[in-house]
Amino acid sequence: MAQGALPGFRDFYPEQFAERAYIMGVWRDVARRFAFVEYDGPPLESLELYTKKSGDEIVGQLYNFTDKGGREISLRPEMTPTLARMAAAKANALRKPVRWFSMPQLFRYERQQRGRLREHFQLNVDIIGEPDVTADAELLAVAIEIMRECGLTPEDVRARVSDRRLLTGLLRAIGVSDAQTPAVFGIIDKWERRPLEISREALATLGLNDDAVAKIINVVGGQPTLDGLESAYGEHPDVRAVLGDLRRYHEYLEALGVGDWVTLDLKIVRGLAYYTGIVFELFDAKGELRAICGGGRYDTLLGALGGADLPALGFGMGDVVLAELLRERGYLQEHATLAQPDFWVASESEADRRLVAGVATALRRAGAAVEYALREQSVSKQRKASHSAGATYFVTLAPDFATNHRLTIDAFAETASPTLAELVGGQPTIERLVEVIREHPQLLSSTL
RNA sequence: GUGACUGUAGCUCAAUCGGUUAGAGCACCGGACUGUGGCUCCGGGGGUUGCGGGUUCAAUUCCCGUCAGUCACCCCA
């Protein structure tokens, strides 16, 4: 038995690489259309960059080691610290708002399970320097447009949105003390992973009275609306201010054409991390998979990491869960196809083989993907090989090709109309074929 | 890090109660079909049954360990 890849790591055979290339192509294309520009940083960073943000307990989940210069370093487990470092170094020179995206491979030393490996590719999209909720709407729209571009609909994927300030304000209005608030956040974060009774008991254990517990369960566990929250808690100034922001946020999401995808859901708190405002996660609508994407606003993080004190927001979207969802729907099989040759050029004799190479070169320089037999084979064998390779056209040199440049073109799986043969005409020559390809590059599958 | 389940060819699976040289389909390679053939026919390569140990006359089969995979915790990208 051959040695496989290390646990949690993947080999990308051409079939899998095609899937990865498709997903990353969608990421890059949608980000570009939203006028985000791509950046990258080093895959290795100083260990301190991560402990500064997350504490020493993070080290257990890092691929960290001491390098030959005695430096404590780690493979990057996330992109945000690198982004913060890079943005801080040029904070004053960057045009605001900064709209950057990256597609790093990230590493985390954890036991693997479904949707979670020790390595993955993650799209990171961030906006730096804009405090208004219009930026939050723009950011979420990027994530949702990626779903759309992949062929998914609001019936497949839901964007669940919350706001840490709103939740904090509501808890205050309900009578939760600021000291109790972090613990309540922790309970809400685990809400969906355990029975309601456990959450109810946990809240009661904090010393909250029955009325407060009931209100929390209603607000968090129910299906809150902005209007409902307004009428119930709108009197409280902390709530009122945030509700106004959220209304504008939803108006922008509607204007951006993604309102149908979004649900207000106060159970989304994104761990106990560094988020300060609107937070969101994208889930498959059936709720079978892990989150596809998560993000939000982290206005204090860049300053806390020693960089520029700029408001910022961003999301991360991993390739693993997205690929699972797309595979389940059959979309990956549809889009992530292996590149196949446009032409297979066949020869009938050893003497023809140099002519075949010349024909291949002419077609290649015209933009086509061309393969031919690298050793002498019967024509029937070459035809079989061309099928196997998935070639669209099978070109055979005429016996007197050397003098008249004539060839025959058989189409195997041609979908074009008019067909290549029709465009080339009755007496096809290599010159005519090259001419037609240059005029009609859409005939070539390799350019799609 | 904890627990449960599962490991036979590249893939999907066989192999009677523990019993002869571990088989088949697909895939791959070669040959025939001297030309519409993504066909058909013939042949071939490929396995230390994940690995190590134990019980037994005999282990793919039973036991232990280990590695790997899957799932659930933990935690989160």
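Within every chain, numbering begins at 1; the chains are lettered A, B, ... in the order of the sequence lines, protein sequences first and strands thereafter. Side chains included, hydrogens not; waters and symmetry mates left out as well; all remaining heavy atoms used.
- Scored by the side chain to side chain donor-acceptor pair (under 3.5 Å) test, A:Asp309 finds no partners at all (sequence neighbours excluded).
- Side-chain contact between A:Glu149 and A:Arg33: present, with at least one pair of heavy atoms (C-beta onward) separated by less than 4.5 Å.
- Nucleotides B:A4 and B:G65 place their P atoms 11 Å apart, quoted to the nearest Å.
- If you check every strand for non-hydrogen atoms under 4.0 Å, A:Leu6 touches nothing.
- Straight-line distance from the NE2 atom of A:His120 to the P atom of B:C76: 15 Å, rounded to whole Å.
- Remark: C1' of B:G10 and OH of A:Tyr13 are 9 Å apart, rounded to the nearest angstrom.
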Could you write out each protein N or O paired with an N or O of nucleotides 34-36 of chain B at a distance under 3.5 Å?
| from | atom 1 | to | atom 2 | distance (Å) |
| --- | --- | --- | --- | --- |
| B:G35 | N1 | A:Glu348 | OE1 | 3.1 |
| B:G35 | N1 | A:Glu348 | OE2 | 3.4 |
| B:G35 | N2 | A:Glu348 | OE1 | 2.5 |
| B:G35 | N2 | A:Glu348 | OE2 | 3.0 |

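- Both tests hold for A:Arg160 against A:Phe283: distance to the six-membered ring centre under 6.0 Å, angle to the ring axis within 45°.
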Can you check nucleotides 71-73 of chain B for protein contacts, nitrogen or oxygen pairs under 3.5 Å, and list what you find?
| from | atom 1 | to | atom 2 | distance (Å) |
| --- | --- | --- | --- | --- |
| B:C71 | OP2 | A:Arg114 | N | 2.8 |

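- Taking atom C1' in both B:U8 and B:G3, the straight-line distance is 27 Å, to the nearest Å.
- Counting only heavy atoms from C-beta outward, the side chains of A:Arg28 and A:Met103 approach each other to under 4.5 Å.
- Taking the six-membered ring for Trp and thresholds of 30 and 60 degrees, A:Tyr298 and A:Tyr275 have ring planes more than 60 degrees apart, a perpendicular arrangement.
- At whole-Å resolution of the value, CG in A:Asp189 and P in B:C76 are 7 Å apart.
- Each of A:Thr66, A:Leu62, A:Ile73, A:Ile58 was compared with A:Leu47 under the side-chain contact (heavy atoms from CB on, under 4.5 Å) criterion, and only A:Leu62 meets it.
- With respect to A:Asp319, the salt bridge (charged side-chain N to carboxylate O under 4.0 Å, His left out) criterion is satisfied by exactly one of A:Arg10, A:Arg20, A:Arg327, A:Arg116: A:Arg10.
- A heavy-atom distance below 4.5 Å is found between the side chains of A:Leu420 and A:Leu433.
- Note: CD1 (A:Ile58) to P (B:A77) measures 8 Å, nearest angstrom.
- Taking the ring-ring contact (aromatic ring centres under 6.0 Å, His included) definition, one finds that A:Phe121 meets it with nothing, sequence neighbours left out.
- Using a cut-off of 4.0 Å between Lys/Arg side-chain N and Asp/Glu carboxylate O, A:Asp265 and A:Arg158 are scored as not salt-bridged.
- The P atoms of B:C5 and B:A9 are separated by 23 Å, rounded to the nearest whole Å.
- Taking atom C1' in both B:G45 and B:A27, the straight-line distance is 13 Å, to the nearest Å.
- Ion pair A:Arg99/A:Glu138 flagged as a salt bridge, since at least one NZ, NE, NH1 or NH2 atom sits closer than 4.0 Å to an Asp/Glu carboxylate oxygen.
- Between A:Met147 and A:Trp261 the shortest side-chain heavy-atom distance falls below 4.5 Å.
- By the 4.5 Å heavy-atom criterion applied to side chains, A:Tyr22 and A:Phe17 are not counted as neighbours.
- Atom CZ in A:Phe9 sits roughly 11 Å away from atom P in B:G69 (whole-Å rounding).
- The OH atom of A:Tyr275 sits 12 Å away from the P atom of B:C76 (whole-angstrom rounding).
- With both ends at atom P, the span from B:G69 to B:G50 equals 16 Å, rounded to whole Å.
- By the 4.0 Å N-to-carboxylate-O rule, A:Arg270 lies too far from A:Asp163 to be salt-bridged with it.
- Put simply, CD on A:Glu110 is 15 Å from P on B:U2, counting in whole angstrom units.
- B:G44 and B:G7 have their P atoms separated by 31 Å, with the value rounded to a whole Å.
- Contacts of A:Gly8 with the nucleic acid, taken as non-hydrogen atoms under 4.0 Å apart, involve only primed sugar atoms and P, OP1 or OP2.
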Step-by-step side chain to side chain contact (heavy atoms under 4.5 Å, CB included) determination, A:Phe34 to A:Val125: CA-CA 11 Å; A:Phe34 276 81; A:Val125 179; over 6 Å; no
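- B:G52 and B:U61: their P atoms are spaced 13 Å apart (whole Å).
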Where each pair must be Watson-Crick or G-U wobble with both distances under 3.5 Å, what dot-bracket representation of RNA chain B is obtained, with crossing pairs in [ ] and other-strand partners as |? (((((((..((((.....[...)))).(((((.......))))).....(((((..]....))))))))))))....
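- Spacing between atom CE of A:Met103 and atom C1' of B:A77 amounts to 16 Å, rounded to whole angstrom units.
- A distance of about 30 Å separates the C1' atoms of B:G46 and B:C62, rounded to the whole Å.
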Base contacts versus sugar-phosphate-only contacts with protein, heavy atoms under 4.0 Å: please encode nucleotides 26-32 of chain B as B, S and - from 5' to 3'. ----SSB
